[in-house]
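Bear in mind that the values here come from a model prediction, so they are computed numbers and not experimental data. When a ligand or atom number is given, it counts from 1 through the structure's own listing order.
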Amino acid sequence: MEIKGIKGVFVYGDKVLIKCETSGGETSFSIPIINFPYFAYIIQEAKEKIKELNPLPNLKIQDEISLLNIYLTYAIPHKISGDERTFRRKMREIFEFQKNQGFINRVIVVQSILDKLSKPRTYLEIGVERGYTFYQIQAEKKIAVDPEFKIPGGFKNTESEIFFQVTSDEFFEKYAEDFRENPFDVVLVDGLHTFEQSIKDVENALKFLSPRGVIVMHDCLPKNYPSSLKSLEDAVKHPEFDGSWSGDVYKTIIYLRAKRKDLFVAVVDSDHGVGIIRYGEPENMIDIEESEIEQIDFFELMKRKEELLNIKPPDWFKTWIETL
Ligand SMILES: C[S@@+](CC[C@H](N)C(=O)[O-])C[C@H]1O[C@@H](n2cnc3c(N)ncnc32)[C@H](O)[C@@H]1O
């Protein structure tokens, strides 16, 4: 049997499952996860195994996707069964794991900023989906906004966690004013991934941001052409679509860098581009007309990403956070 390619690496229950395409169809093999702290080694082992079987030079196991699977299989069952304490403990472990590994992604960026601010801190997440990020974040007050939550086992409002099942526009129009007394310290913008909506979300968030507050915007650097398309429908139809959709959120960063003299804007080059936006002096600005921004496609963006997005390597964040 000839292994022709790797179709995926998944975490299922207590196993890491590796699916391979073979001359005769498909096959898979699995490596057990004994418990979570060994996860990194298991992934390493899986990578080695893949190399042995079929050294595909471009194969990259997406640690982020594996972490989402870990969340769904390691922590979520406790939430569904009503064992809140174990669920929270495991969410903490998932967070600590990323921190210890030195990952720089949206979760680490949001929490590192919150950790620099004095308590009590208020966190707003626009676009929450399954709660993967929301439940990892530690803050005294957390607000979740999504017109269609997909949180396994559901959600309930408490003193410290409040859920609004509405669009971000409706939230800002009807409910954000209630938080005027405790403005948002960090807002994660991760809702509808279009230029039109993400610019509205940023501009609305700026109105309710605390003086030292920061907006973190996910998906500012699409990883390929289909991922960068304006509509999810078009992205899905594209033959090279691989499940990731960042949309044209990157245009919001370009727009802010062209128009807003009162904002510091940069994008950390990891986790599909983690944008950082806060009141302050821009590092530099760009000269570009609004009509031109609409025309910038993925290929143009790749050629000019340093200039257009003020791209920073992940290690930059470790230095920047010390200046907060
Ligand atoms: C990429 S997911 C969010 C992922 C989440 N922040 C995380 O880190 O795990 C995007 C979510 O945005 C939500 N969404 C779509 N349109 C929205 C809108 N107008 N306002 C707020 N959320 C929206 C979708 O329902 C979806 O659950």
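Scanning the protein for heavy atoms near atom 20 (N) of ligand 1, the closest one is Ser168 N, 3.0 Å. Protein heavy atom in closest approach to atom 14 (N) of ligand 1: Pro147 CD, 3.8 Å. Residue, atom and distance of the protein heavy atom nearest to atom 16 (N) of ligand 1 are Leu192 CB, 3.6 Å.
Between Glu306 and Lys312 no salt bridge is recorded (no basic side-chain N to carboxylate O distance below 4.0 Å). The pair Glu84-Arg88 meets the salt-bridge criterion, with a side-chain N (NZ, NE, NH1 or NH2) lying under 4.0 Å from an Asp/Glu carboxylate O. Between Glu203 and Lys200 no salt bridge is recorded (no basic side-chain N to carboxylate O distance below 4.0 Å).
Counting heavy atoms under 4.0 Å from ligand 1, residue His193 touches it through the side chain alone. Contacts between Arg130 and ligand 1, counted as non-hydrogen atom pairs separated by less than 4.0 Å, are absent for every part of the residue. Counting heavy atoms closer than 4.0 Å to ligand 1, residue Asp201 contributes nothing at all.
For the residue pair Thr122/Glu140, the side-chain donor-acceptor check at 3.5 Å is not satisfied. A donor-acceptor contact closer than 3.5 angstrom links the side chains of His78 and Lys90. In summary, the side chains of Arg121 and Asn182 do not present any donor paired with an acceptor at a separation below 3.5 Å, with no hydrogens or angles considered. A side-chain N or O of Asp201 and one of Gln197 form a donor-acceptor pair less than 3.5 Å apart. Residues Glu177 and Tyr175 have side chains that never bring a donor and an acceptor to within less than 3.5 angstrom of each other.
Close N/O approach between Arg106 and ligand 1 is found [any backbone or side-chain N/O within under 3.5 Å]. Between Thr167 and ligand 1, a contact under 3.5 Å exists for no N or O pair. Taking any N or O of Gln197, backbone or side chain, none lies under 3.5 Å from an N or O belonging to ligand 1.
Listed by number with element, the atoms of ligand 1 under 4.0 Å from a non-hydrogen atom of Lys150 are 24 (C), 25 (O), 26 (C), 27 (O). Near Glu148, meaning under 4.0 Å from one of its heavy atoms, ligand 1 places the atoms 25 (O). Each of the following atoms of ligand 1 lies closer than 4.0 Å to a heavy atom of Val128: 5 (C). Within ligand 1, the atoms closer than 4.0 Å to a non-hydrogen atom of Glu129 are 2 (S), 3 (C), 4 (C), 27 (O), numbered from 1 in the order shown. Residue Asp190 approaches ligand 1 through these ligand atoms, each under 4.0 Å from one of its heavy atoms: 1 (C), 2 (S), 3 (C), 4 (C), 5 (C), 6 (N), 7 (C), 8 (O), 10 (C), 11 (C), 12 (O).
Comparing heavy-atom distances from atom 8 (O) of ligand 1 across Asn105, Thr133, Asp219 singles out Thr133 as nearest. When the heavy atoms of Ile151, Thr194, Asp146 are ranked by distance to atom 13 (C) of ligand 1, first place goes to Asp146.
Taken to the nearest 0.5 Å, the CD1 atom of Ile253 stands 10.0 Å off from the CG atom of Leu263.
Taking the ring axis of Phe134 as reference, the NZ or CZ atom of Lys142 stays within 45° of it and closer than 6.0 Å to the ring centre.
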